[in-house]
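Just so we're on the same page: letters track the sequence lines, and every chain starts at 1.
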There are 2 protein chains.
Amino acid sequence: MSRNPEEPVYNRIEESRVALGLSRQDLANKAGVHYQTIGYLEREEYSPSLVLAIRIAKSLNHEVSELFSLTPFKKGK
Amino acid sequence: MSRNPEEPVYNRIEESRVALGLSRQDLANKAGVHYQTIGYLEREEYSPSLVLAIRIAKSLNHEVSELFSLTPFKKGK
DNA sequence: ATGCTATGTAGCATTAATGCAATATATAAA
DNA sequence: TTTATATATTGCATTAATGCTACATAGCAT
């Protein structure tokens with residue numbers, strides 16, 4: 001089996017990032033990753049490693065569980 | 001750069017697993033992974049994907065942030 | 001002694017996550 | 001118009017995370 005076989009992880013990265021007035025590049029810098037990576041994550045093209053998830057959560061002043069979920073987030077908050 | 005270049009993730013998987021009286025195989029079954037994977041994680045030989053971290057946390061009735069951390073956990077609770 | 005369970009170790013194969021470069025588009029500002 | 005910023009898209013290379021198999025060891029039963 002592969003690592004995450006068609007097992008998506010939903011997230012609210014873009015929502016939180018925009019709320020803080022940050023560009024993807026800004027967030028990428030804070031999290032220490034490539035800015036394209038943020039794009040891939042926001043489009044949910046793949047799910048991050050735990051390390052990255054923790055770094056992003058920290059960069060956005062959120063708990064991992066507030067930003068990422070195995071089940072879809074409800075619209076609006 | 002690689003994915004998690006020498007960036008360890010500390011965890012309390014073994015502690016929590018034993019507290020629940022589960023074997024690695026038991027936890028592996030609940031989390032849907034190979035039992036060796038649990039071993040690797042407990043020995044902190046590598047850090048899990050976010051999906052796996054969430055599944056393990058759920059299997060152990062814990063929050064991701066309670067089980068995993070970028071900084072070492074203090075001894076005893 | 002035999003068997004079973006739990007664990008460690010080692011090796012190999014697969015693939016997703018990430019980096020990075022290039023190009024394209026849209027928008028806003030100068 | 002030109003410039004700069006933000007984003008999307010594509011493609012390629014690297015490597016860590018995971019699966020799986022096999023073997024070894026130790027403990028605890030029987």
Per atom distances to the V33(A) side chain, the nearest of dT18(C), dA6(D), dC20(C) is dT18(C)
Indicate if L22(A) and L67(A) have the same hydrophobic cluster label, given that clusters are the connected sets of ILVMFWY residues with side-chain heavy-atom separations under 4.5 angstrom. yes
Nearest-nucleotide check on DNA chain D, Q36(B) vs A53(B); residue mapping nearer the 5' end is A53(B)
Original post:
For the ring pair Y46(B) and Y40(B), is the centre-to-centre distance below 6.0 Å?
Top reply: yes
Side-chain atoms of R17(B) come closest, of dT7(C), dT7(D), dT18(D), to dT7(C)
Closest to the side chain of H34(B), out of dA17(D), dA17(C), dT21(D), is dT21(D)
From the candidates dT9(C), dT18(C), dT7(D), the one with an atom nearest any side-chain atom of T37(A) is dT18(C)
Atom CD of E45(B) and atom P of dT18(D) are separated, to the nearest Å, by 13 Å
Does S47(B) have a side-chain nitrogen or oxygen under 4.0 Å from the phosphate oxygens OP1 or OP2 of dA16(D)?
no
To the nearest angstrom, the CG-P distance between D26(B) and dA6(C) comes to 7 Å
Rounding to 0.5 Å, atoms CG (L70(A)) and CG (L50(B)) come to a distance of 7.5 Å
Separation of dT9(D) atom P from I38(A) atom CD1, nearest Å, is 17 Å
With the side chain defined as heavy atoms from C-beta on, Y35(B) is closest, among dA22(D), dG19(C), dA17(D), to dA22(D)
Closest to the 5' end of DNA chain C, once V18(B) and Y40(B) are matched to their nearest nucleotides, is V18(B)
(Q) Does dT18(C) have OP1 or OP2 under 4.0 Å away from a side-chain N or O of S49(A)? (A) yes
d(R17(A) CZ, K30(A) NZ) to nearest 0.5 Å is 12.5 Å
Whole-Å distance, L41(B) CG to dA16(D) P, equals 15 Å
note: I13(A), atom CD1; dT18(C), atom C1'; distance rounded to Å ~ 14 Å
Between CD of E42(A) and C1' of dT7(D) the distance, given in whole Å, is 10 Å
note: E44(A), atom CD; dA17(C), atom C1'; distance rounded to Å ~ 15 Å
Exercise. If we only count heavy atoms from C-beta on, is the L20(A) to L27(A) side-chain gap below 4.5 Å?
Worked result: no
Y46(B) OH to dA16(D) C1', in whole Å, measures 9 Å
Short side-chain N/O contact from S23(A) to OP1 or OP2 of dT5(D), under 4.0 Å
no
